Amino acid sequence: MSDTLDSPVATFETAKKLGLLREEYDHICEILGREPNFDELSIYSVMWSEHCSYKNSITWLKTLPKEGPHMLAKAGEENAGLVDIGDGLACAFKIESHNHPSAIEPYQGAATGVGGINRDIFTMGARPIAQLNSLRFGNIDSERTKWLMKGVVRGIGDYGNAFGVPTVGGEVFFDDCYNVNILVNAMSVGVVDTAKTVKAISYGAGNPVFIVGSATGKDGIHGATFASGDLHDDSHEDLPAVQVGDPFQEKLLLEATLELIDTGAVVGMQDMGAAGIICSTSEMSAKGEHGMVIHLDKVPTRQQNMESWEILLSESQERMLVVGKKGMEQAILDVFDKWDLNCTQIGEVTEGERLLFYMNDKLIADVPAESLVLGGGAPVYTREYKEPAYLTKVNSFDKTQVKLPDDLKEVARFLAGHPNIASKKWVYNQYDSMVGTVTMTTNRVSDAAVADVRGTDKAIAMSVDCNARYVYSDPFKGCAIAVSEAARNISCSGAVPSAVTNCLNFGNPYNPEVYWQFVNAIKGMSAACEKFKTPVTGGNVSFYNQSMINKEEVPVFPTPTIGMIGLLESKNNLMTLDFKNEGDHIFLLGKNPEDLNCSEYLYSFHKIKHSPAPYFNLEEEFAVQEFVRSLIRSGVLASAHDVSEGGIFINLLESAMISEIGFGIETDDEIRKDAFLFGEAQGRVMVSVSDANLAIFLELSAASDVEFTKLGETGGKKALIDNEDFGDIINLKSIYENAIGNKMAE
């Protein structure tokens, strides 16, 4: 076995083609004390790509709050966030993007996004119990959008259903800015015995290193680099950078992994996602302050004669790296043999910090692990930023120039059937929400998805939220709203917000206006997370979400998707959003200002594309949520539903149509009627209260600092507003439920 590198050196011209900057190439030479060869340059090109190194975002990510009363693993420490939920159990959760692959090959792009995020959960020893997703598409009338949407939804459904984890919630949003560069963000949530958690770490010289799961192929090579650049007219030629998934193999890998942990033979374990073998070996080694010797020719492959760099960088799915305990090799092999999965020792842990990669006994790469990883030797940049020019249009908005429509009933029907507001039934009917039988909100509709924690009286509430238009108009306020709305959904279900994971989807960080959006979104997220005591446990940053079309950059809206979990201490306190009885009293909690800003009504009905973010006050928001949770615990409420897109009218309709119980309300003469019905001011929750609980509700409300307003009562089969008939609930329900299905069938 040769310990001498005899490969020819790779020049800066090669580095440039791999996406590295001149100063980065020079820094590699400085780290190695020599010029790199092609394998080593390939290693640095993926590990220092934006997708892996966060080189343009880590400075600001470090400012996010990471401390919390229930934290077991802070951001960046493990494959996913880990939060203590009591009874010796913890919740592992994370959200990540698979945007570029899904824009090129929507089925496999979305499917492998689901597979990858679930592996992040079970490599920690947790069993995934629920999945959520946040999807952004272009104009729904576009044939391309329909093709992309069908592929993405089928990919998520086929993978999740076959893998056996329910998809319990999410969001779907349409806007022309996503016509080419769609966003596919996948979230997974799992539960683990705190005594059985596994770290993504490597230590102990002589300990064996195994690759387990699927064989390695050429799919996904340089996928991390692909995700760190713009989409362009020839992006379809990058299909090899899109991975191919096998959910049945992943199911076997899940069961084998959890069984392996029970043997006590595991030192550390990590999913092979972006950058494949090189990512897992370097991150685990750097964390454990040890090195590795890896023999790439021992890696099981799907194709013959794969090059060393192809094996190193492949992002083939359903694979993991396992560091075992020396002397327990057979126990590891036996588990994977039982499940009929590949399990091959490809190396061992060494003293020091070097990663030595061999191919047929020839040394092909010698690099220090620390130099490759986030927080180690990877480059860190702080980019120039400046306020975007378009904010001049945003700030010049004058609501007095918005004409009050002659027929508000037409507006109500328009919004009920708008794809951004209407039921996502066409999407979620393709997902299995009941597999695993932990889902508590399939037949009981709540603002947050809720999953049972078996063997306890507890449940986990989950939500993903972001209104990207709000963020576009005001990144600080818009991102704070995203955190607050996720918390509001969890609070309205009866649970207490616990922690956050995020998926930060932005354009090119080298664009000062885009970077300004990013910086201010981070600041807004920090402010809201600190207020709600919901530390950020991790997630991912996805830059370059813009398309080079005919040499023109087309960026998406800044979309910092927030995934949040909360804890429902008693399942008896689960609150749903549907009206329960005729004659119940309808109240609005929270300040109710006259506000049209950034509403779907303003944007889509009036075609006014630039306006400020809607009314938002973080202190008021926090107070409303605390009060709602206290009312739920007191057993006073019949229903609770947060007011969001579409305003009060859509909120009422969504509560009414589940049991097909109508309502009658009165508007406020001091607020223009379209703003009252369709405005999207934040920090508001609609509740219903029975006659029997009315007195105690009024007493508690009067004693609180939260504004509250009596709107009307439930009853009948119609939507009555100021005694005017806005339509039958059943007819409005039909518009709401069939809008997207009808569009997709056109």
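Everything quoted here is computed from the prediction, not taken from an experiment.
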Between [Y] and [X], is there a side-chain donor-acceptor contact under 3.5 Å, judged purely by atom types and distance?
| X | Y | answer |
| --- | --- | --- |
| Gln131 | Ser188 | no |
| Glu680 | Ser599 | no |
| Asn185 | Asn505 | yes |
| Tyr178 | Thr145 | no |
| Ser134 | Glu171 | yes |
| Tyr736 | Glu654 | yes |
| Asn56 | Glu50 | yes |
| Tyr470 | Asn597 | no |
| Gln625 | Glu621 | yes |

Derivation of the salt bridge (charged side-chain N to carboxylate O under 4.0 Å, His left out) call for Lys146 and Glu143: CA-CA 5 Å; Lys146 291 175 184 177; Glu143 290 304 313; 3.7 Å; yes
I'd like to check [X] versus [Y] (side-chain heavy atoms, cut-off strictly below 4.5 Å). Are they in contact?
| X | Y | answer |
| --- | --- | --- |
| Asp141 | Lys743 | yes |
| Phe518 | Leu504 | yes |
| Met149 | Val427 | yes |
| Phe397 | Leu602 | yes |
| Phe414 | Phe678 | no |
| Asn133 | Tyr431 | yes |
| Leu596 | Arg672 | yes |
| Pro419 | Phe173 | no |

Intermediate values then yes/no, side-chain hydrogen bond (donor to acceptor under 3.5 Å, both in side chains), Asn489 and Ser463: CA-CA 7 Å; Asn489 286 329; Ser463 184; 3.2 Å; yes
Rounded to the nearest 0.5 Å, what's the gap from [atom1] on [X] to [atom2] on [Y]? Could you check?
| X | Y | atom1 | atom2 | value |
| --- | --- | --- | --- | --- |
| His641 | Leu577 | NE2 | CG | 5.0 Å |
| Gln517 | Glu387 | CD | CD | 11.0 Å |
| Ile565 | Leu132 | CD1 | CG | 11.0 Å |
| Ile522 | Leu64 | CD1 | CG | 4.5 Å |
| Leu574 | Thr576 | CG | OG1 | 6.5 Å |
| Tyr159 | Thr167 | OH | OG1 | 12.5 Å |

Worked check of ring pair (Phe, Tyr, Trp, His ring centres under 6.0 Å) between Tyr390 and Tyr472: CA-CA 10 Å; Tyr390 68 79; Tyr472 176 76; 4.0 Å; yes
Over-ring placement of Arg136 relative to Phe174, 6.0 Å and 45° cut-offs: no
Quiz item: cation-pi between Lys609 and Tyr603, 6.0 Å / 45°: yes
Could you check whether any side-chain N or O of [X] sits under 3.5 Å from a backbone N or O of [Y], counting only pairs where one atom can act as donor and the other as acceptor?
| X | Y | result |
| --- | --- | --- |
| Lys607 | Ser604 | yes |
| His610 | Lys393 | no |
| Ser142 | Ile140 | no |
| Lys733 | Met657 | yes |
| Asn429 | Trp426 | no |
| Glu620 | Phe616 | no |
| Asn181 | His100 | no |
| Lys424 | Ala422 | yes |
| Ser473 | Ser611 | yes |
| Tyr615 | Gly683 | no |

Minimum heavy-atom separation for [X] and [Y], please, with both atom names.
| X | Y | result |
| --- | --- | --- |
| Val500 | Cys529 | CG2-SG, 4.1 Å |
| Gly563 | Phe93 | O-CE1, 4.4 Å |
| Asp120 | Ala80 | O-CB, 4.1 Å |
| Asn540 | Cys503 | OD1-SG, 2.9 Å |

From CA spacing to verdict: side-chain hydrogen bond (donor to acceptor under 3.5 Å, both in side chains), Ser734, Asn731: CA-CA 5 Å; Ser734 178; Asn731 291 338; over 6 Å; no
Contacts of Pro405 that satisfy side chain to side chain contact (heavy atoms under 4.5 Å, CB included) - sequence neighbours left out: Leu408, Val411, Tyr601, Phe605, His606, Asp674
Residues that Phe622 engages under side chain to side chain contact (heavy atoms under 4.5 Å, CB included), provided they are two or more places apart: Lys531, Phe532, Glu626
Residue that, paired with Val152, satisfies side chain to side chain contact (heavy atoms under 4.5 Å, CB included) out of Val172, Leu183, Val184: Val184
Asp447/Ser493 under side-chain hydrogen bond (donor to acceptor under 3.5 Å, both in side chains): CA gap, chis, key distance, verdict: CA-CA 6 Å; Asp447 276 352; Ser493 73; over 6 Å; no
Audit row: Glu600, Arg469, salt bridge (charged side-chain N to carboxylate O under 4.0 Å, His left out) steps and yes/no: CA-CA 9 Å; Glu600 194 69 57; Arg469 286 194 197 127; 2.9 Å; yes
Contacts under 3.5 angstrom, residues 642-649 side chains, donor-acceptor by atom type, not counting sequence neighbours:
{"from": "Asp642", "atom 1": "OD2", "to": "Arg488", "atom 2": "NH1", "distance (Å)": "3.0"}
{"from": "Glu645", "atom 1": "OE2", "to": "Asn467", "atom 2": "ND2", "distance (Å)": "3.0"}

side-chain hydrogen bond (donor to acceptor under 3.5 Å, both in side chains) between Asn592 and Arg684, intermediate numbers included: CA-CA 7 Å; Asn592 192 32; Arg684 299 179 297 167; 2.6 Å; yes
